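One structure is given here, and the rest of the page talks about it.
Everything numeric here is computed off the predicted structure, so don't read it as measured data. Counting convention: from 1, in listed order, for ligands and their atoms alike.
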Amino acid sequence: MELGIIGKPNVGKSTFFSASTLAAAEIAAYPFTTIEANRGVAYVRKPCPHTDFGIQCTPRNSLCDNGTRLIPVEMLDVAGLVPDAWMGKGLGNKFLDDLSRASSLIHVIDASGGTDAEGNIVPPGTRDPVLDIEFMEREIALWIKGIIEKGFQKIARQAQLEGMKIERALHERLTGLGITEAQIYRALHKLDVPEDALKWGDEDMERVAFAIRERSKPIIIAANKADAASDETIERLMTMKDRTVIPTCAECELALRRADKAGLVRYSIGSSSFEILQPEKLSDGQKKALHRIQEFMDRFGDTGVQRAIETAIFGILDLMAVYPVEDENHLTDKEGRVLPDAYLVPKGTNARDLAYIVHTDLGDNFIRAIDARTKRVIGHDHELKDGDVITIVARA
Ligand SMILES: Nc1nc2c(ncn2[C@@H]2O[C@H](COP(=O)(O)OP(=O)(O)O)[C@@H](O)[C@H]2O)c(=O)[nH]1
Ligand SMILES: [Mg+2]
């Protein structure tokens, strides 16, 4: 599960990335905490089940901070897109490669309007950020269109000859982008294009590409630099049709996490306030900056960074957290760790799906599962709920 951060230059992508991936403690076992400069780990929050059971947990793939389970999510700082990159002017293949890994995208925009179409600095209020939203949606759709329309007539005719649905033919084209056949079916469902794909014109192709983008790479908009944006712009962004917009101050989040790490303030990620711990160590400039951050939080509820990530994971991708354990009585794994792992899985995941997610062997040899909260046996097709603690019983 990876989230890609996209946007034109100078909007605050790297700041957003640094802020969201800066954690007080890192999980050593996590494979790529430091492998690539543009990849990192952010955390989404859930109440830790250990509190319900009245025991202490010893997490392995996640962290527990005072009853809040912090579950890792991979973040990708996607190289800056320049206008018309899809035509081959920009960082084409690198962009596609990054795009293929992302399940959802966080589009960082400059809500202050202080950067032009290419990302050059201009006086605040000059650029309408709504244009950047429309540009990006179109840009990604054009990438997809470019891929599917290459030799399309031949493919569509071949598909017809073989009695293959056009969705399947499109999927063969788009697997490289990490797009599933189900997403393509859902995208084309009720889309107003001719039944016969051989009759698709240029506009139909664009509509198809747009719909596939919407389904396969859903976008959350981080209206960044909201601290320097007018109320009017924020209002206009927040009320855009069919878009999820969250005002953010990536700079604020980064400052708070750094100050927390340095022991100057106490700040839990995503919260609506912070506490100054060592006022005597703060310069006047730092005090002023913290004051401005608190003002921002009072205006918007929080810095928005954590909310954007959690909206992508829980709102858009509709994932929930479940906790597989080997022993349903002690809630432990083989090594005796209590509630070791949290898995983010789609709503609708059943007991056997979870077994397969944990390990193919576990799925193949599935016998039954046990709900550790109720100690009841559940069948393979039992749909799991958010927060479930599950023991899978399999043939040895
Ligand atoms: N006012 C304001 N400035 C920000 C914010 N986030 C980032 N910036 C500034 O915007 C500039 C570009 O940020 P950067 O993260 O390098 O942008 P990128 O090119 O999109 O990766 C830097 O000077 C940041 O300090 C924010 O929330 N508010
Ligand atoms: Mg950058």
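Using a 4.0 Å cut-off to heavy atoms of Cys249, the atoms of ligand 1 that qualify are 27 (O). Atom numbering of ligand 1 starts at 1 in the shown order; those under 4.0 Å from a heavy atom of Lys13 are 15 (O), 17 (O), 18 (P), 19 (O), 20 (O), 21 (O).
Contact annotation for Asn224 and ligand 1: only side-chain heavy atoms (C-beta onward) come within less than 4.0 Å of the ligand. Contacts with ligand 1 closer than 4.0 Å are made by side-chain heavy atoms of Asp227 only, the backbone lying farther away.
Protein heavy atom at the shortest distance from atom 16 (O) of ligand 1 is Ser14 CB, 4.2 Å. What sits closest to atom 19 (O) of ligand 1 on the protein, heavy atoms only, is Asn10 N, 2.7 Å. Nearest protein heavy-atom contact of atom 15 (O) of ligand 1 is Thr15 OG1, 2.6 Å. Protein heavy atom nearest atom 23 (O) of ligand 1, with residue, atom name and distance: Glu251 OE2, 4.7 Å.
By the 3.5 Å distance cut-off applied to N or O atoms, Val11 is counted among the residues near ligand 1. Taking distance alone, with nitrogen or oxygen atoms compared against 3.5 Å, Ala250 approaches ligand 1 more closely than that limit. Ligand 1 has no nitrogen or oxygen under 3.5 angstrom from a nitrogen or oxygen of Pro9.
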- Query: Would Arg207 and Asp204 satisfy salt bridge (charged side-chain N to carboxylate O under 4.0 Å, His left out), going step by step from the backbone distance to the final call?
  - Reply: CA-CA 5 Å; Arg207 267 206 289 276; Asp204 296 320; 3.1 Å; yes

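Of the possible donor and acceptor atoms, one in the side chain of Asp386 sits under 3.5 Å from a partner among the backbone N and O of Ala321. The main-chain N or O of Ile212 is found under 3.5 Å from a side-chain atom of Ser216 such that the two form a donor-acceptor pair.
Backbone or side-chain N, O or S atoms of Thr15 do not reach the Mg ion (ligand 2) at under 2.8 Å.
Defined by atom type and a distance below 3.5 Å, a donor-acceptor pair is missing between the side-chain atoms of Ser268 and Ser271. Counting only N and O atoms by type, the side chains of Asp65 and Tyr43 include no donor and acceptor under 3.5 Å apart. Side-chain contact, Glu251 with Asn224: no donor N or O sits under 3.5 Å from an acceptor N or O. Defined by atom type and a distance below 3.5 Å, a donor-acceptor pair is present between the side-chain atoms of Thr115 and Asp110.
When each of Lys334, Arg69, Arg60 is tested with Asp341 by the rule salt bridge (charged side-chain N to carboxylate O under 4.0 Å, His left out), just one qualifies, namely Arg60.
Using the six-membered ring where Trp is involved, His380 and Phe366 have ring planes that are perpendicular, over 60° apart on the 30 and 60° scheme.
Taking only non-hydrogen atoms, the option from Ser112, Gly12, Ser18 nearest to atom 17 (O) of ligand 1 is Gly12.
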